[in-house]
Visitor: 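Got a structure here, written out as structure tokens. Questions coming.
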Amino acid sequence: MTRAIHPFEALMDITARPSTVFVRGEGAWLWDDSGKRYLDFIQGWAVNCLGHSPPLVAEALAAQAKRLITPSPAFYNDVSLTLAKALVDQSCFDRVFFANSGAEANEGAIKLARKYGALHKDGAFEIISFEGGFHGRTLATMSASGKKAFEPLFEPKVPGFRKARLNDLASVEALINANTIAVMLEPIQGEAGVWPATDQFLKELRALTRRHGLLLISDEIQTGMGRTGKLFHYEHAHVEPDIMTLGKGIGGGVPLAALLATAQAACFEHGDQGGTFNGNALMCAAGLAVLQEVGKPEFLKSAADAGLFLESELQKLSARHGLGDVRGRGLLLALDLKLPIGAAIVAQALQGGLLLNSPQPDALRFMPALNVTREEILQMIDGLETILTRAGTARLVA
Ligand code: PLP
């Protein structure tokens, strides 16, 4: 029996969505059900590192789907072994656990740190995370997050998280006590509006955590997989964490995430961690196709160049319209608008066929595909210029 409800109502109403319905994507472009085309500088929230429906990923998925999808996480499968080995070979980590979302990978990182505390530090369990940080929407990852809007939600939170201030080492040091086991951070706070930890802070934080025997957990769910112009953000400051999480880009658009750890930190015992779909061959095939492409030095170089080009075009645009700084790294950048006009710009951009994100009222965030072209960057700048020129920044204020 067909019920008289609109399909929009059949989905739980968990966020304000525009009424646009997307039906097709290719590279930097999306099409809605009326045939209208959109230039996408959101890319599934920094997920589609190779753009929409990249042939590389589509072909890997199609071929794998015909061969083997899920033998069960209680058995090895060839693809997850190959991907785990490739991640270990290309990073400073020794062990990998595959997950299905960033939050699940972070939940695993929190469990791993607590396990490490139980085994090696008298049951220490507290994790120092950061104001403004975002680590996901499970109860523990919401508790680890420092997002103000999360504070009153779903009380009581998971205990054991204390919040320091990014780039303020003394604020971290002040929170360390006998119960502390780890420090967890995003090297660039993405959801908070693209606020980078400085290289200097990361170096000092590493030294501090070593001095106190604490694990350093880097949430690279947004910054990993080439997003900042290196395969992993930790390579910029040469600061090697004990635990790192990946998500978003690693699947090139499909649900895949990973928890990586050094041999010393990887202390899970049988029964501690697992999940039905973890490391399934289908998603790992996508991850392997992505890593083989994104991990190429020439790919990373061109993503880094595209990031510098986007940054300089945004700086010029900002100067023309009296806006603020451009911050971030590689292809994870934000433009400071100086006024709360982000939502108005995003709405007008959508009408004009351009997808932009405003993580905070006074900022726009840019996270295009890593293979975005200069022409697409200029098209986006042109679209933004039109909005700013037509309305004038003052008139965009709600
Ligand atoms: N950590 C960071 C830094 C993120 O940006 C996100 C998602 O935006 C997450 C964790 C959560 O990932 P997921 O939405 O895949 O659970």
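Each ligand, and each atom within it, is numbered from 1 in the order the structure gives.
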Visitor: When you look for protein heavy atoms under 4.0 Å from ligand 1, which residues do they belong to?
Guide: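 Contacting ligand 1 under 4.0 Å are Ser101, Gly102, Ala103, Asn106, Phe134, His135, Gly136, Glu186, Glu191, Asp219, Ile221, Gln222, Lys248.
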
Visitor: With sequence neighbours left out, write down each residue that passes ring pair (Phe, Tyr, Trp, His ring centres under 6.0 Å) with His52, or none if nothing qualifies.
Guide: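 Here no residue qualifies.
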
Visitor: Side chains of residues 257-267: which donor-acceptor pairs under 3.5 Å do they make with residues two or more places apart or in other chains?
Guide:
{"from": "Thr262", "atom 1": "OG1", "to": "Ala265", "atom 2": "N", "distance (Å)": "3.2"}
{"from": "Gln264", "atom 1": "NE2", "to": "Tyr116", "atom 2": "OH", "distance (Å)": "3.0"}

Visitor: What's the shortest heavy-atom distance between Ala286 and Val57, and which atoms?
Guide: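 For Ala286 versus Val57, the nearest heavy atoms are CB-CG1, 4.0 Å.
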
Visitor: On the 0 to 90° scale, with breaks at 30° and 60°, tag the Phe134-Phe150 ring pair as parallel, tilted or perpendicular.
Guide: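 Phe134 vs Phe150 ring planes: tilted.
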
Visitor: Does either side chain, that of His212 or that of Thr180, offer a donor lying less than 3.5 Å from an acceptor on the other one?
Guide: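 Absent: no donor and acceptor within the cut-off.
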
Visitor: Taking only residues two or more places apart in sequence, or in another chain, which ones meet Phe75 in a ring pair (Phe, Tyr, Trp, His ring centres under 6.0 Å)?
Guide: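 Phe75: no ring pair (Phe, Tyr, Trp, His ring centres under 6.0 Å) contacts found.
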
